**Q** 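Can you keep this structure in mind? I'll have questions shortly.
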Amino acid sequence: MSVDISEIAPYNFSVIEPKWQDFWLKNDSFRTDCNSSKKKYYVLEMFMYPSGKVHIGHVRNYAIGDAIARFKRAGGFSVLHPVGWDAFGLPAENAALKQGGRPQDWTYKNIEIMKKQLLSLGFSYDWKREFATCDEKYYKFQQKIFLAFYKNGLIYRKKSEVNWDPVDNCVLANEQVIGGRGWRSGAPVEKRKLSQWFLKITDFVDELLDGLDHLEGWPEKVKIMQRNWIGRSEGCSIDFKTDDGDEIVVFSTRPETIFGATFLAISPDHSLATKLASGNEKIKSFVEKCKKGSVAQEFLDRQEKLGMDTGLTVNHPFLDKKLPVYIANFVLMNYGTGAIFATPAHDERDYEFAVKYDLPIERVMVSTADGDELPQVDDGILVNSDFLDGLNVAEAKEAVIRRLCEMGIGKREVFFRLLDWGISRQRYWGCPIPMVHCDKCGVVPLEEKDLPVLLPRDATFSGVGNPLEKHEVWKRVKCPCCGRDAVRETDTLDTFFDSSWYFLRFCVNDRENENLLEKKDVSQWMRVDQYIGGIEHAVLHLLYARFFSKALTRCGFVDVSEPFENLFTQGMVCNVAYRKENGDWLFPEEVQKRSNGEYEVIATGEKVVVGGVEKMSKSKKNVVDPDAIIKNYGTDALRLFVVSDTPPDKDFLWSDEGLEGCWRFVNRVWRLFVYAQSRGICAKKCQRDVEIDTLDPAVQKLYKDFHRTIKNVSDSLEERSMNKVVAFIRECVNSLYSFLEQIKNNETVFSLMIRDLIKLLAPIAPHICEEAWSMLGFEGLVSDSNWPVYQKEYLEVSTIDLPIQINGKFRGIVAVGVDDDEEVVWEKALQLPSVQSAMAGKSLKKKIFVKGKIINFVL
RNA sequence: GCCUCUGUGGCGGAACUGGUAGACGCGACAGACUCAAAAUCUGUUGUCCGCAAGGACGUGCUGGUUCGAUUCCGGUCAGAGGCACCA
């Protein structure tokens, strides 16, 4: 019995979607198959912090990953697609402080809630591998890693100036300081001197840098950011001696400008500055002023240059002249040697400083380009430089370094911007560091048998200081060396430590496996074939994870030089935001449109500024709750929407109309499936072959075009252009609607098209497809079915519409055979009225013919 | 300041190695169905001129290469992101 397609009831997602979610979960439908002979494919989305709620940004990230996982699965790969929780971190501790209770409880409760949300989104995860980084088991492994790194000399403790976040009351790594502010709190970072654990990431600096050249599957942008962050610079260090016999080693990448040097500058943190300060009140107060300045935001913004003459001088290495030594706040202690020679004529900072303090400026280079303004920073030809005169920069650099080396005062050197990674955090909710402080033995590692060091369950959170440090019972321990009373390390590990190796642990098939990293499992699955996450981790997590792979390899745990073969960075989800004129943000429900098109606050009638498109965030009151969307439109419509329209690597603009459109499309597809069923379309009808030549021309074209769709959808998925995937499927559904009358009686063609359409849509809208698959009597799950294959010969066309140009302008088309010779095509083209009228009275200068592409008459 | 990326209809965006610019969607407009509305289906929709056939213009701006440029090259403007006294 046939039905009217427009009368079919809408897709009943509230029943159908939970049904399949339960089925997949109960049957472990997406459990990783480790014993398969199929090629492996490891898809991973950056795991999430259990903040309490899944937001739309997560949905988009995971929808992209899930589409790839399902596509690869259908494409004949054995797919690993795990899920877990990056569960340590400050918010849990803040929640404990604010609402009482323990961070543990808060975290695990959030995980429970968010897991439910993920399940309601129908992602194809292997839930048997799920873990949280705060699981005792996971951090026990992590303590093992810490000890192994320690034994291998990759971890050390040192007292040094660190970044202190005054809001989070905690140290930050350099990578976590963004524009002088804490990455989480946004507070201006202060400097403090503390004893801290450091990870020797600088030991791998060359590998980390060179490895980037081979990461072809990474966005260029991320690689550039990492290269800049590592910041390699080549140059030369030069030894100077003050009249008092103090040594000052300077570093320069421009040693060829040495003849233009007019003074030396050392950092206020330089050991010589400290020494001088101790004997001189004026210098002491200056140094202190500089240190304060390096903290205050206003100084950072103004970058005002401050300096003080030490009264000391050094000899110029080549000239018979003395150079004064200044302490200058623009010289950084943590780069190079903390001292420079200044060449004001050829360096902007030196120039600014020299002008301010009235120091000489001597030109030693003339530009090859025009203009002779100082400072001249571009390369030129050396002048006033004795043995370097007339040389270009490269030649002069070589010559001067060679001479300095011969004199025994210079050395070729490479410096990096990258510093070692400080991993100590003065917080409770993190992985305890398995070290002990003993008065007699010093800092001693625990033995493996004493692991794990578990977090105490009875800590108190007062908001001041580190709860572990104040826990008098927990912190007492016997020294593993001498057995006397000692104290535990009370700092915990930076949570970025946790996320630097989780993707390796996901490889281990048996969650209970006591081996830290089962080598066989890791080598089976690594590298991650497709990693997906936000670009904000370009120099944080993504650099640390690369370092960990190399460090764990060095320690013999694994053999993974690089963790992520292909990296995809998805864009953010944005929404319009409203605010009052005083800047307060407003919820969309609080505003309404006036008749003149402006917006006002409903309650008060105040004028509303439509604040443009902003990243969805609670503070801007423009978030959309996935649960509400799922309740009203279903998961498939939501998933479809977040990958439609916008390429996944670009920012996505939320719109209710767009979502509505996807909901309409889901129903359009649903009606098509139900209609097909009513026409008797079912699995059985797919068994006959299609005799393409006997088909009605319209049906034949439809069927051939469908094979083009299969190719287009497959290619677009492969290149991660989900927006195109959706567009091609929509196109295909549109033409099925248009030719419904012609196709409805051809059961074989109709069946085959519906079957493969279900498969094409399944990676993005899995529930409706699973339902249709079962409804039409196909065996098993569409999630387990093979990806459709297109017939190449159907894509080949015999005739094409060839565009015709006159003087490069489009004038019409002419239908020709693909293989028609030039003469034949010309004949046909010349008969076109538009060509004839354009040619009238003119002579043909040239004819261009590109087979299958174009004809162009040049008159 | 330095580095990187991006500029295509009212909007999100398509366009293979240079070859019919604007696929697909949103919005808008019209028609069918309906007592009516919603839903659904079918059209139209870059701008300008024209009753029409048709024509002119059009991918930030500006030069160039080419028979032909959204695509390649030079300059320039605008926006986004990263780094920011890194010697």
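Convention: sequence-line order gives letters A, B, ...; per-chain numbering from 1. These numbers come from a predicted model, not from an experiment.
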**Q** Mind checking if A:K724 touches a base, just sugar-phosphate, or nothing, with heavy atoms under 4.0 Å?
**A** sugar-phosphate
**Q** Within the structure shown, what part of the strands sits under 4.0 Å from A:G231 by heavy-atom distance: base, sugar-phosphate, or nothing?
**A** nothing
**Q** Any side-chain N or O of A:R417 less than 4.0 Å from the OP1 or OP2 oxygen of B:A87?
**A** no
**Q** So, is A:R664 close to the B:G25 phosphate, meaning a side-chain N or O under 4.0 Å from OP1 or OP2?
**A** no
**Q** Could you tell me whether the side chain of A:Q805 has a donor or acceptor atom within less than 3.5 Å of a complementary atom in the base of B:G19?
**A** yes
**Q** Under 4.0 Å, heavy atoms only, any strand: does A:D801 hit a base, just the sugar-phosphate, or nothing?
**A** base
**Q** Can you see if the side chain of A:K853 gets near the phosphate of B:C67 - specifically, an N or O under 4.0 Å from OP1 or OP2?
**A** no
**Q** Verify the contact: side-chain N or O of A:R668 to OP1 or OP2 of B:A39, cut-off strictly under 4.0 Å; return yes or no.
**A** no
**Q** Which is true for A:S655 with a 4.0 Å heavy-atom rule: it touches a base, it touches only sugar-phosphate, or it touches nothing?
**A** nothing
**Q** For A:P647, report the nucleic acid contact type (base, sugar-phosphate, nothing); a contact means any heavy atom under 4.0 Å.
**A** sugar-phosphate
**Q** Are A:D350 and A:T343 linked by a side-chain donor-acceptor pair shorter than 3.5 Å?
**A** no
**Q** Taking only Lys NZ, Arg NE, NH1 and NH2, and the carboxylate oxygens of Asp or Glu, determine whether A:E719 and A:K724 approach each other closer than 4.0 Å.
**A** yes
**Q** For the residue pair A:K305 and A:F353, would you count it as a cation-pi contact if the rule is NZ or CZ under 6.0 angstrom from the ring centre and within 45 degrees of the ring axis?
**A** no
**Q** Do the charged groups of A:D213 and A:R227 touch, with an N to O distance under 4.0 Å?
**A** yes
**Q** Hey, is the side chain of A:N734 poking within less than 4.0 Å of OP1 or OP2 on B:G25, counting only N and O atoms?
**A** yes
**Q** Base, sugar-phosphate alone, or nothing: which one does A:I224 contact when heavy atoms must sit under 4.0 Å apart?
**A** sugar-phosphate
**Q** Using both distances under 3.5 Å as the test, list the Watson-Crick or G-U wobble partner of B:G1, or none.
**A** B:C83
